[in-house]
Amino acid sequence: MSNHSSSVRVRFAPSPTGPIHLGGIRTALYNYLFAKKCKGTFILRIEDTDPNRFVEHSETHILESLKWCGILPDEGVGCGGSSGPYYQSQRGNIYRFYIHQLLQNGHAYYAFDTDQEIDQKKKECQDRGIMFSYNHRFRMELTNSLTMTKQQLHSKLQEGVPYVVRFKIRPGKILNIRDLVRGNIVMHTEHLDDKILLKSNGMATYHLASTIDDYLMRITHVIRGSEWIPSMFLHVLLYRSFGWISPHFVHLPLILRKDGKGKISKRNLDGNFPVFPIQWKDLEHNKVIPGYRELGYFPESFVNMLVLLGWNPGKKKEIFSLHELEDMFSLNRIKKSNVFFDIKKSIWFNKQYVCKNKQKVLFFLYEKLTKRSILYKKNYVVKVIDLTIDRIYFIHEIWSHTFYFFVSPHTYDISWLEKKDKHFIISTLKNLYHVLFHMEDSLENIKGEFYNKIKEDKKRYIMQMMRLALIGCLKGIDLITIIRMIGKEESMKRIQKLIDHLNEKI
RNA sequence: GGCCCAUUCGUCUAUUGGUUAGGACGUCAGGUUUUCAUCCUGGAAAGAGGGGUUCGAUUCCCCUAUGGGCUGCCA
């Protein structure tokens, strides 16, 4: 039992306010990996404390994205557990119970100020050249339970005047909080403001809810983006005011946009690289934004690329499976400084996985051929893949690199020979046709025979012409190999086809 | 404005007081491929600046600069 209570429990706690982006996935990934490494528990909790910002389908997007990446929770939304419910919107009673405690012991107070009153106060401060903050300095000048008698408070509450509950921060203390990757971070409490814990609609704010939930769900390590560092102090104070011990904190470097305009977010989709793991249907603007999945990335490659953005194993190796990562992940190799995402490296990563997944490429090509009603022998297609796989970065690129093994070209890139004499070109092609015609069907000695029979000084040019006939452009694998693959008959046919094509043009 | 965090090649990063500062992506050159790509070989490319501490600092401390975050009844 004692073992159980000390075991690692971490959570990923997104809010359903829009699609999840790669920063969120990385946070989930690090939580997941740390849990696996420690044989702990990875919990998925939905922080839906703000109904105003609720976006339809975003929860599905989050869940499906995690699933696509292979980041599956052990407990929480989608898989149950004994610490539920795992939706914060269903935990209102719990939060109200605890807020009552805080109100009772003087750690929190009621505030009745309207937006207009706060704005007024802000303006006043601005005129005096100081910044307004709802804190120890100003709270005694505002409308709250600290500045009224018990009777006044009672009657306000009786009348149903809307209020919020604020946390009372006591100035004059120095907080020295440990972050597992950054070391100690120091903060003077006079710089903190009296954050709202309970909104006027009766719902807890994120700060209150997540603090209580983390405690109740026995979270041992809070691993999240470094944009949360400033609120860590509030959270710690909240734990203390309840008499609870804080979990360990780990703040992750942010993934920045390359155009130097801050952190990535679901609100700015116009960055210079895709941000969503899977496609997002933006109902508001009626458009579909493709994700890495739709762009042809393997989830393994996406995860591999992502894990190295802010963490590394300290070895020269770079290709890791999720399983390997579960074994080698460690918090102390997370770096502190923010990172930029490099789309080119992500493409290179995918290529590594293309080569590892020959079978998938094969099946993709089978399908492509079937769709085009092209008959094929499996062995032949396997050979084709072997010859071409190292030319592609994404599976869907395979057809444009292999079509010529199955069909003759239907267009010709003849721009490069337009300067040449057309009659000479045609006679050369006819000559090539005859050279092939006189060759044995097995094409065993094709290389030698071929080169013997074409003029030494024009070899390069003639071979290019041959390539044009067989492929339609100056690309593709070794010519001799192509001729052997498609055979003598087909090669001759293609030469004749190009001759006909050129004749039409003259 | 206030507070907090960070700073090694263009990018991801190694090196946690003594290294010719290493690797990967990208880039450039050469080779292979009679094309293109792959691949191979090689090159260019970094400790933000200034002060300390130390026999010795990329590494520890301070200042400045730059970048980033927070400063919402958002999370």
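First the proteins, then the strands, lettered A, B, ... as listed; each starts at 1.
Taking the six-membered ring where tryptophan is involved, the planes of A:W311 and A:F320 are perpendicular, since the angle between them exceeds 60° and thus also 30°. Below 30°, between 30° and 60°, or above 60°: for A:F167 and A:H107 the angle between ring planes is below 30°, a parallel geometry.
Checking A:D478 against A:I185, the closest nucleotide of RNA chain B that is more toward the 5' end is the one next to A:I185. Residues A:G476 and A:L198 both approach RNA chain B. Their nearest nucleotides, taken by heavy-atom distance, put A:G476 toward the 5′ side.
Note on A:N338: every side-chain N or O is 4.0 Å or more away from OP1 and OP2 of B:G68. For A:K315 and B:G22, the shortest distance from a side-chain N or O to OP1 or OP2 is not below 4.0 Å. Residue A:Y134 places none of its side-chain N or O atoms closer than 4.0 Å to OP1 or OP2 of B:C73. OP1 or OP2 of B:U15 sits under 4.0 Å from a side-chain N or O of A:R333. Between A:T49 and the phosphate of B:A75, there is a side-chain N or O to OP1/OP2 separation shorter than 4.0 Å. Residue A:R460 places at least one side-chain N or O closer than 4.0 Å to OP1 or OP2 of B:U35. Dashed line: the shortest gap from a side-chain N or O of A:K316 to OP1 or OP2 of B:U13 is not under 4.0 Å.
Listed nucleotides B:U13, B:G23, B:C4 differ in distance to A:K335; the shortest reach to its side chain belongs to B:U13. Nearest to the side chain of A:M463, among B:U34, B:C74, B:A24, sits B:U34. Among the nucleotides B:U38, B:G23, B:U34, the one closest to any side-chain atom of A:K459 is B:U34. Across B:A24, B:U38, B:A6, the shortest atom-to-atom separation from the side chain of A:K336 is found for B:A6.
Applying the 3.5 Å distance criterion, the base of B:U35 shares a donor-acceptor pair with the side chain of A:R467.
Neither side chain, A:D113 nor A:Y163, offers a donor N or O lying under 3.5 Å from an acceptor on the other.
Rounding to whole angstrom units, CG of residue A:N184 and C1' of B:C60 are separated by 16 Å. Summarising the geometry, the separation between CD on A:E190 and C1' on B:C4 is reported as 14 Å, rounded to the nearest angstrom.
Pair check for B:A46 finds none; no Watson-Crick or G-U wobble contact set falls under 3.5 Å. When both pairing distances are held under 3.5 Å, B:A14 makes no Watson-Crick or G-U pair with any nucleotide shown.
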